[in-house]
Amino acid sequence: MSISFDAEKRTFELQTQNTCYQLSVDRTGVLRHLYYGKRVGGTNMRYLEKCCDRGFSGSPYDFQTDHGCSADLMSQEYSSFGVGDYRPSALAAVLENGSRSIELHYQDFEIEEGKYIPEGLPYVRENRDAVSTLTVRLLDETAGLEVSLIYSVFEEKDVITRSAFIRNQDERSIVLLKAASFCLDFPYGDYDLIHFSGRHCMERKPERTKLTQAVTVIESKRGMSSHHANPFVILCDPEANEHSGHCFGFMLMYSGSHKEEISKDQAGSIRLTVGIQDEGFSWTLSPGEAFQTPEVILSFSDEGLNGLSGRFHRILRENVCDQRFIGRKLPVLLNSWEACYFDFDLEKLLKLADESRDLGIELFVLDDGWFGSREDDHRGLGDWYANEKRLPGGLNRLSEEIHARGMQFGIWVEPEMVNENSDLYRKHPDYVLKDPGRKPVMARNQLVLDLTRREVRDYLFVSISRILEEAKIEYVKWDFNRSISNLWTVSLPAERQGEAGHRYVLGLYDLLSRIRKAFPEVMIEGCAGGGGRFDAGMLFYCPQIWCSDNTDPAARLSIQRGTSYGYPPCTMGSHVSAAPNHQTGRSVSMKTRGITAMAGAFGFELNPVSLTEEEKAEVCEMIRTYHSYEDLVRHGVYYRLTEQEEPFTAWEFVSQDKSEVLVSLVITHLEANSAFPYVKLRGLDPERQYRMEGMEGDNEAVEPLSGAALMYGGFAFDALRGDFPGEQVYFRALQV
Ligand code: DGJ
């Protein structure tokens, strides 16, 4: 059993293969955090706890000894506002009498086999893992507010999930003002914070900062997890690098507005709270009602950032993503967006399809523009029926034509949005989120549908189902192209409007679940103007997500590298596009475009009709190469081989049995007569012999090299020339 309770010391211990997490009830009933990190051989970590009283730091009443024990120096398991802990709180609420103080005390606990499932929310699935769950019940007797802290332990994967279930036991209403998913205190030590910030077309750039006495806030208020601040943060030793050092990762499984607060206080201790964004949030709990927070995934590694990434990749790939898609080979797709934008008709699409098929492309995806009056981005959004002028015979005919060419067929939708110029809006102007009496904020000429409402979700479910029933469609790209504003819904009374943001996200999850259930074989790829909703919540429904609207390989290298800290490459939609690139105007060789796109869910985003014969031959070869590496990329262990992106960036996939290795490299800053690009490989079997095979087939001339040589002696690439030149080498272990 991975969870134990020491009744004498009132201490809980959660153990995974390499980590341990301890919490304990103190003599006044406060649930205190003791430790999280590498296993400590059964030692109760309470010995590290120091009780002291500082000026201007109050003590819980029951603690009165001489001066007391300052509440804001205690390591707490779930801190609350108003009772002397001045660091960021996990929980804040207002009672019917106006009081805003919440004081939680331990009640009891339960340990069960199996995984806790939060209702209406995405979660880490149990699958074939041995999982145990601890629930610790806390209560504020005066307020009648009960908080159950829930911990599920994935022993073999070194992962713990946490969430909180908050119930009003009182006869009066309680309004939650903040309900974080978890709180974690590190009483000692120096840590760096790494978070992933960015913007549209440049998502998830790692930012590493030293923590100082301040509160650092990573947040989104956009109603989406956002391009700007991903709900994933890392705390690590200041000296930690890609391959060594202690690193902790915290990933919120949530797709709406979120907040991560990292504070370093007067005494140097560090607190982290992660959860739903509290600005604009409130949630009324009538007597007996409860609130469930989203889940957070926690992991720790003492093998540097790659070690931590590996743990997140594994849990997301095996326990979050739908195994139906992760387990199978996925077709190489061509998406029509950058090939023709809104400028197409049936004839043009079929020409594209013919050319694509000849190149070896297996799935043809029709992007925006196929429905209603959608001839540009000012109109038609919301009208989910084919534009017969453009597509005579509708989606059914197109789908038949595509299938007749031996390819699968996919379409683009953006169900959560509407243009004012659409039949849907003319019929149901009330379906949108919009403040009464105020003109709404516009973005990309569109408004957001009110997914808090069941009838709106039903309309969308019926519309999307009709499309998927009428034509044979194997793939759907689910887009979302603006941040949310004017969060006001007719579905809630004035005092509950603070619930709209979270209810929207719950509505989205409900809609996605219904569609997934009705059409389990249809792959849904998530998208939000590229990677604006690249989060573990969306991955629960969409096993891959379009990583960015920026398809320039030079930029993609950074975006995909940044994304890889938390998310596995197989979840990153990644396409070869045209040169010059449409977003940056930069021209990069076809080879480098291929190498970059192959580090993800591989596809194309260009017009094959405009390729030269030479380029077509390169594409055919690239697709063959991809197929030979596909399993390795989808299921292998991924390593970032270089600490920086300049002067070159290199990465590696190693198969689970260590028999295959693919190393890719791109020069990002080229200088004349520079050193040969050199890397040390990772994760190989030191005892085995590996033979290098070139991209163009076996290179018999090269002697086999031991795993030890490749890892400790390293490997030097030949000098490369040109703009962002790239190379791939593949090693196969010799049979013993
Ligand atoms: C934004 C997406 O990220 C693009 O790939 C494309 O689908 C457009 N939307 C279509 O409007």
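None of the values given here were measured: they were computed from a predicted structure.
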side-chain hydrogen bond (donor to acceptor under 3.5 Å, both in side chains) with R311: which of D158, T16, T19?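 So the option named by the test is D158.
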Quick one: does NZ or CZ of R640 land under 6.0 Å from the six-membered ring centre of Y565, within 45 degrees of the ring axis?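 Yes, a cation-pi geometry.
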Could you tell me whether R317 sits above the aromatic face of F312, with NZ or CZ closer than 6.0 angstrom to the six-membered ring centre and within 45 degrees of the axis?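 R317 over F312 ring: no.
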Going by the angle between their ring planes, with limits at 30° and 60°, are F186 and F250 parallel, tilted or perpendicular? perpendicular
Closest heavy-atom contact between L684 and R682? CD1-O, 3.1 Å
Identify the heavy atoms of S181 and P294 that sit nearest to each other, and give their distance. OG-O, 2.7 Å
For H228, all residues meeting side-chain hydrogen bond (donor to acceptor under 3.5 Å, both in side chains), sequence neighbours excluded: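 Partners of H228 under the side-chain hydrogen bond (donor to acceptor under 3.5 Å, both in side chains) test: R222.
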Any sub-3.5 Å donor-acceptor pair from [X]'s side-chain atoms to [Y]'s backbone N or O?
X: S574; Y: A601; value: no
X: N550; Y: D552; value: yes
X: H258; Y: I276; value: no
X: R199; Y: H227; value: no
X: T592; Y: F724; value: yes

Aromatic ring proximity, centroids under 6.0 angstrom, Y21 and H33: yes
Sub-6.0 Å ring centroid separation between F717 and F715: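 Yes, close enough.
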Throw together a table of side-chain donor-acceptor distances under 3.5 angstrom for residues 230-239, partners on residues two or more places apart or in other chains.
unit_1 : atom_1 : unit_2 : atom_2 : d
N230   : OD1    : Y567   : OH     : 2.6
N230   : ND2    : F534   : O      : 2.8
D237   : OD2    : H246   : N      : 3.0

Quick test of your reading of the model: are D723 and R586 salt-bridged, counting only N-O distances below 4.0 Å?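 A salt bridge is absent here (no side-chain N lies under 4.0 Å from a carboxylate O).
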Check whether more than 12 heavy atoms from other residues, nucleotides or ligands sit under 6.0 Å from atom CD of E207, and answer yes or no. yes
Heavy-atom count around Q323 CD within 6.0 Å, excluding the residue itself: above 12? yes
Pairing donors with acceptors under 3.5 angstrom, does anything connect the side chains of [X] and [Y]?
X: E645; Y: S558; result: yes
X: S79; Y: R271; result: yes
X: E416; Y: Y504; result: yes

What's the verdict on side-chain hydrogen bond (donor to acceptor under 3.5 Å, both in side chains) for Q583 and D549, showing C-alpha distance, side-chain angles and the deciding distance? CA-CA 8 Å; Q583 290 79 42; D549 271 351; over 6 Å; no
Determine the sole option in F342, W546, W412 for which the ring-ring contact (aromatic ring centres under 6.0 Å, His included) test with W337 is passed. F342
Considering residues at least two apart in sequence or located in another chain, which fulfil the side chain to side chain contact (heavy atoms under 4.5 Å, CB included) criterion with H582?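 Side chain to side chain contact (heavy atoms under 4.5 Å, CB included) list for H582, sorted by chain: E338, Y341, A578.
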Please determine whether ring pair (Phe, Tyr, Trp, His ring centres under 6.0 Å) holds for the pair H669 and F648, giving the CA-CA distance in whole Å, both sets of side-chain angles, and the decisive distance to 0.1 Å. CA-CA 7 Å; H669 181 83; F648 61 87; over 10 Å; no
